[in-house]
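Just so we're on the same page: letters track the sequence lines, and every chain starts at 1.
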Protein chains: 2
Amino acid sequence: MKAEAVEAEALLPAAPQAGSGRANNSRIVGTSVHASVANEIGQRIVRGDYPPGSILPNEAKWAETFEVSRSAVREAIKMLMAKSLLSSRPKVGSWVEPRDRWNLLDRDVLTWYATSPNREAFLISVQEFRHIIEPEATALAALRRTDEQMAEISTACREMGEATSLPQRTQADTRFHLAILRASGNELLVPLGTLIESALAHLFVFVTREADDLRHAQGLHEAIEKAIRLRRPEAARNAVRKLLANTDEVIARV
Amino acid sequence: MKAEAVEAEALLPAAPQAGSGRANNSRIVGTSVHASVANEIGQRIVRGDYPPGSILPNEAKWAETFEVSRSAVREAIKMLMAKSLLSSRPKVGSWVEPRDRWNLLDRDVLTWYATSPNREAFLISVQEFRHIIEPEATALAALRRTDEQMAEISTACREMGEATSLPQRTQADTRFHLAILRASGNELLVPLGTLIESALAHLFVFVTREADDLRHAQGLHEAIEKAIRLRRPEAARNAVRKLLANTDEVIARV
DNA sequence: TCATATGATTTGTAGGACAATTGTTGACTC
DNA sequence: GAGTCAACAATTGTCCTACAAATCATATGA
């Protein structure tokens, strides 16, 4: 090809480069090349740079763009195919699949979605989804939890109360909700934990809670814990609904 | 390496080989090599051949086993990594991730799960999941459907009634439920369509319905269609609950 | 006993070569 | 002029080889 050596794009968010000079090859830390490439391309797709149905640049082009080997690009693309973001055929190339084939519940896709321009739409969808899932999941947990699962839930709930920093509290909060999903006894509910994780992680950025709010929220969590402990599905369902309503309200303020 | 040329395993379900002789290289039809390998390894993992935490054979070993190149194996493994079934590190190898990290809601993983030894557990989980999701999703659809979406739902419902063969009917049934999910106005619900698809596909194998059952089920579907058409969320919710109860009963008979 | 090197194994990355697939173009025929 | 068919070209698919990087295990030494 006669293509001139175009400026390669950096894969990771601009590492402060020691030796100034050439701005790429800045692969910095723990991430492997194919993972970075998958991340970058995936993000662009979800962000809308390449609308569904459109043909992506071919593998050689990506390799050139990122200054990596075609093998690495191919592995990245295979990862995106596994998430149904892409398909490809010889001579045609790779194209973006229609949006309703995307596996939006995938951890990575969700992350890309959460950081894309329409963050608010995302948050609203997730919160609505929680309204559908969590009351029922918690009711099931109240019926079927084992003692070990109960211990996990109680521990997380207590650590939430004792947390001294917001990140620490958020982490305990997440553990609390994930433990409930696991205790529901339905394996298919567990993967939805990524949704909740994502929701809480992004909520925590938005929200600066007052001390009063914190105490109130803690009380709501403890009500859930209690209902599960006493094996009262109906009470559990209602307690979760109250918590979600509270969260809705916090969101609405912003 | 001193490894003897061991018998390679066939990737696809035993093609009737013309020239008898060597039993592999039987890659037959439209599937690419890396996809076949991913399918085979994925199925084995979900089936339980390699329990979570255990180390898989290394890439070279897989390449030898399937008589494909290491590149193809790597691309397959990357696909499984994208579904969180695997992780890998240099020198250590690839290991199976804990079950609760698997993306069970992924189309492929779900298929592998559905064909694994514990099919019944799978079907029960899916049906329970439907109880959680579908009533609410349908209520939302009743509130937010557009006219185009309504047309899709009505068409599918009608075609269900007019279907002359069971596969044809199942297909229309699937389209009906997927259209409702899409009409719910919550993007995150759409990916759950794979669950319902899978459920109906596998239910249809189990069940041989009587003419009476068929008429009854059709009536239940039409009730749902009507509730959505008249924008009555509460009626829609109840209609779906009735349909699911009916399905439960059919399952219980077997 | 603990820290430190060093060795070996496995994945990670690169690059090149060719096969397979298939859209496109152009020639040929009716 | 329309339609059919063959040749071409572009792109992914597959294979191969070589080396780099990471890291576990072992041995070595203080």
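- Nucleotide dA14(C) holds its C1' atom 14 Å from the NE2 atom of H34(A), rounded to whole Å.
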Below 3.5 Å between N/O atoms, which protein atoms pair up with nucleotides 7-9 of chain C? Just atom names and distances, please.
unit_1 : atom_1 : unit_2 : atom_2 : d
dT9(C) : O4'    : K91(B) : NZ     : 3.4

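- Spacing between atom CG of L80(B) and atom P of dT11(C) amounts to 14 Å, rounded to whole angstrom units.
- Here R70(A) does not reach the OP1 or OP2 of dG15(C): none of its side-chain N or O atoms lies under 4.0 Å away.
- Sorted by first then second residue, the ring-ring contact (aromatic ring centres under 6.0 Å, His included) pairs that include residues 152-186 of chain B, not counting sequence neighbours, are F176(B)-H221(B), H177(B)-H221(B).
- Applying the salt bridge (charged side-chain N to carboxylate O under 4.0 Å, His left out) test to residues at least two apart or on different chains, the pairs with a partner in residues 84-97 of chain B are E97(B)-R101(B).
- K78(A) places its NZ atom 17 Å from the C1' atom of dT13(C), with the value rounded to the nearest Å.
- By the side-chain contact (heavy atoms from CB on, under 4.5 Å) test, S198(A) is found to be paired with L110(A), A114(A), F122(A), H202(A), residues two or more places apart in sequence or in another chain being considered.
- Partners of K83(B) by salt bridge (Lys or Arg N to Asp or Glu O under 4.0 Å), not counting sequence neighbours, listed by chain and number: D106(B), D108(B).
- Phosphate proximity of dC15(D) to S69(B): present, with a side-chain N or O under 4.0 Å from OP1 or OP2.
- Regarding M79(A), its CE atom lies at a distance of 12 Å from the C1' atom of dG12(C), rounded to whole Å.
- At a threshold of 4.0 angstrom between heavy atoms, the contacts of S71(B) include nucleobase atoms, whether or not backbone atoms are also involved.
- Salt bridge annotation for E187(B)-R99(A): present, with a cationic side-chain nitrogen under 4.0 angstrom from a carboxylate oxygen.
- Closest to the side chain of R89(B), out of dC24(D), dG12(C), dT12(D), is dC24(D).
- Identified under the ring-ring contact (aromatic ring centres under 6.0 Å, His included) test for residues 70-108 of chain B, with sequence neighbours left out: none.
- Rounding to whole angstrom units, CD of residue E75(A) and P of dT14(D) are separated by 13 Å.
- For the pair I55(A) CD1 and dT24(C) P, the interatomic distance rounds to 10 Å; values are reported in whole Å.
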